[in-house]
Amino acid sequence: MSRTGDVLDHEAAIATLRELLHEAEHGTLNCIALRIYHAGGNWEDLVFGGTPAEQAQALDHLWAARD
């Protein structure tokens with residue numbers, strides 16, 4: 001799966017999260033970075049998996065996409 005900047009409806013978002021979980025469970029997902037927006041208006045960045053260098057690179061990409 002390769003997604004960059006997709007806007008998904010509720011059902012597609014859930015399907016995508018299930019695909020990511022499947023990839024994580026089967027070892028094909030190395031590192032993931034997500035920006036989570038909460039209903040109250042705040043957000044958080046989550047980065048997990050991979051090496052510390054891969055995590056830093058993923059976070060850099062996430063922050064660059066925000067600018």
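The figures here come from the full heavy-atom set of this structure, side chains too, leaving out hydrogens, waters and symmetry mates.
- Take H26 and apply the ring-ring contact (aromatic ring centres under 6.0 Å, His included) test, not counting sequence neighbours, and it matches H22.
- Cluster membership for I36 and L20, using ILVMFWY side-chain heavy atoms within less than 4.5 angstrom, is shared.
- In H38, the NE2 atom is crowded: over 12 heavy atoms of neighbouring residues, nucleotides or ligands sit closer than 6.0 Å.
- Applying the side-chain hydrogen bond (donor to acceptor under 3.5 Å, both in side chains) rule to D45 yields the partners R35, W63; only residues at least two apart in sequence or on another chain are considered.
- Considering every non-hydrogen atom in both A58 and A33, the closest pair reads CB-CB, 3.8 Å.
- In this structure, CG in L29 is found 11.5 Å from CD in E19, a value given to the nearest 0.5 Å.
- V47 approaches C31 most closely through the heavy-atom pair CG1-SG, 4.2 Å.
- Taking 4.5 Å as the limit, some side-chain heavy atom of L34 sits within range of a side-chain heavy atom of I32.
- Taking the side chain as every heavy atom from C-beta outward, L21 and E25 approach each other to under 4.5 Å.
- Q55 contributes a side-chain N or O that, together with a main-chain N or O of G49, makes up a donor-acceptor pair within less than 3.5 Å.
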